[in-house]
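What follows is a set of notes on a single structure, which appears directly below.
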2 protein chains.
Amino acid sequence: MSTRERKQREMQEREAKILECARPMFIEGGYNGLNMDRLTSLLEYSKGTIYNHFSCKEEIIITLAIQTLEKRLAMFQKASLFQGTSRERIAAIGAAAELFVKTYPDHFCVEQTIRLDSIWDKTSEERRKLMSNYEHRCIGIVGGIVRDGVSRGDVILGNSATPEEIVFGLWSMSMGGYSIITTSNSLSELGISEPYEMLRRNFNRFLDGIQWQPLSTEVDYDAVYDRVTREVFGNELQQNTV
Amino acid sequence: MSTRERKQREMQEREAKILECARPMFIEGGYNGLNMDRLTSLLEYSKGTIYNHFSCKEEIIITLAIQTLEKRLAMFQKASLFQGTSRERIAAIGAAAELFVKTYPDHFCVEQTIRLDSIWDKTSEERRKLMSNYEHRCIGIVGGIVRDGVSRGDVILGNSATPEEIVFGLWSMSMGGYSIITTSNSLSELGISEPYEMLRRNFNRFLDGIQWQPLSTEVDYDAVYDRVTREVFGNELQQNTV
DNA sequence: CACTATTTTGACGGATCGTCATTTTAAGTC
DNA sequence: GACTTAAAATGACGATCCGTCAAAATAGTG
């Protein structure tokens, strides 16, 4: 009885097609640009069929976000296997994050939309959990490296500081930095010409601030970024499918 | 002929009323929550009258953002007058930023919506300029303090680093941090219990990283935060009108 | 008061989301 | 292949909401 699994596969394929069609529409025109009527006319499926997959527009959007978060997790996992000092491994994650943003430059627009309460509240508990899960696992990877750095003695956290606090710092700076980069229209006016390089250096300043050894004055972490980009993600750079 | 100025005043007052009514609607339900039909029914003005003030919904939303950005600029300006070392003055700005977020917790939701291209593109050039202007002036204040720190010799920027780069770092971390704080639903799950305190400490780590004297190990900048909150903004804490 | 300019009004056109009764397709059985 | 039944697809439709504009109301002026 292969009927069941064939249907499942067809379901899967159709879902992929819907998302494939919806993504450029959303990227182009945001929440309002994703037009359900136009989506049905572009696809070979009717309204009702699409609504069998996604109970509302918001469900499509959150699924678009989940698709790229999945990619990011995979990239973080790959980067976390990089062999080196604990601080080099953090740099490897940084490289992964930067590469992710550059590969999926529209991810932040989607995520920004999703995070708005008005959208978030209309999505299913199931997909929300899924999305949070991908996020938490990314954070978990960073936390693991921080704890590793502490246990190896590369970084000493005082009485009040926790690994989570350091993760929160890195998270804040990357979230804010990439948000500014991808949504701000006038960076050059503000004297910010090479934002990615700047952001990297600022990460290093933060890590220098907690004396995470070896300091950026001793090691050229830009070289680590380059190595990771080449060695770990070299093959990923050619293929840029969503 | 006081007719003209009376009309101007009436116009002003009506605009204020419209925004006053629109704000809670937007905060409650976001872009879709701000319903133009409901807005007219709640106000004593009709559709057409409202559209005499704002050419579209997006114009109302960006004006809501401008209103609070105006408040933030005023707070930054006030904080920048704080007497102390250059690093204490940065801390004073940090206190202002934190107070701003706590006073107008919904600002980031509005700003997040505005920054989405699909909304941004529908707003008038005039109001966009206005909004950018408030933002740039806030950034300018921080830049001024950084340059002051450099000229006083409190912080030494190497060959490659620029004041703008340091500003970008502080900007990224605050933008990201406050965004996470105001829109994330599960901070405690991630071991982040006192996010504002954490963020402050992370600012200090970043500034320690560039060796901005005196370091946070020498001076208790939390005390500066408290002083600024009390001395500079003490009277602001009672009145919490928008 | 009469005439004109300006402002206000709200009904309406157009667009879009999500539903659901109906039709079509597919599966199972003899 | 014919018949029955279950499942899935369809798209017309109701409901909602944005922005417009011709008509009505109001204010200004001599």
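Here is how names work: the chains are called A, B, and so on, in the same order as the sequence lines, proteins then strands, and each is numbered from 1. Small disclaimer: the values here were computed from a predicted structure and weren't measured.
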Carboxylate-amine/guanidinium contact A:Arg23 A:Asp106, below 4.0 Å: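 No, this pair does not count.
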Rounded distance [0.5 Å steps], CD in B:Glu197 versus CG in B:Asn202: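 Output value for this atom pair is 12.0 Å.
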Degree of bending in the helix from C:dC1-D:dG30 to C:dC30-D:dG1 once both end axes are built from five pairs, to 10°: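 The end axes of the helix from C:dC1-D:dG30 to C:dC30-D:dG1 are about 0° apart, to the nearest 10°.
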Side chains of [X] and [Y], donor plus acceptor under 3.5 Å:
X: B:Tyr31; Y: B:Glu58; result: yes
X: B:Thr183; Y: B:Gln112; result: no
X: A:Arg127; Y: A:Thr63; result: yes

A:Phe168 side chain near B:Ile180 side chain, heavy-atom distance below 4.5 Å: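 With C-beta onward as the side chain, the pair touches.
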Side chain proximity check, B:Met175 to B:Phe108, heavy atoms < 4.5 angstrom: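 Yes, at least one pair of side-chain atoms sits under 4.5 Å.
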B:Ile18 CD1 - D:dG19 P separation (whole Å):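 These atoms are roughly 14 Å apart.
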Under 3.5 Å, side-chain donor or acceptor atoms of residues 11-22 of chain A against the rest of the protein: list the pairs with distances, not counting sequence neighbours.
| from | atom 1 | to | atom 2 | distance (Å) |
| --- | --- | --- | --- | --- |
| A:Arg14 | NE | A:His53 | NE2 | 3.0 |
| A:Glu15 | OE1 | A:His53 | ND1 | 3.4 |

Footprint string (nucleotides 8-19 of chain C, 5' to 3'): B base within contact, S backbone only, - free, heavy atoms under 4.0 Å: BBB-----SBBB
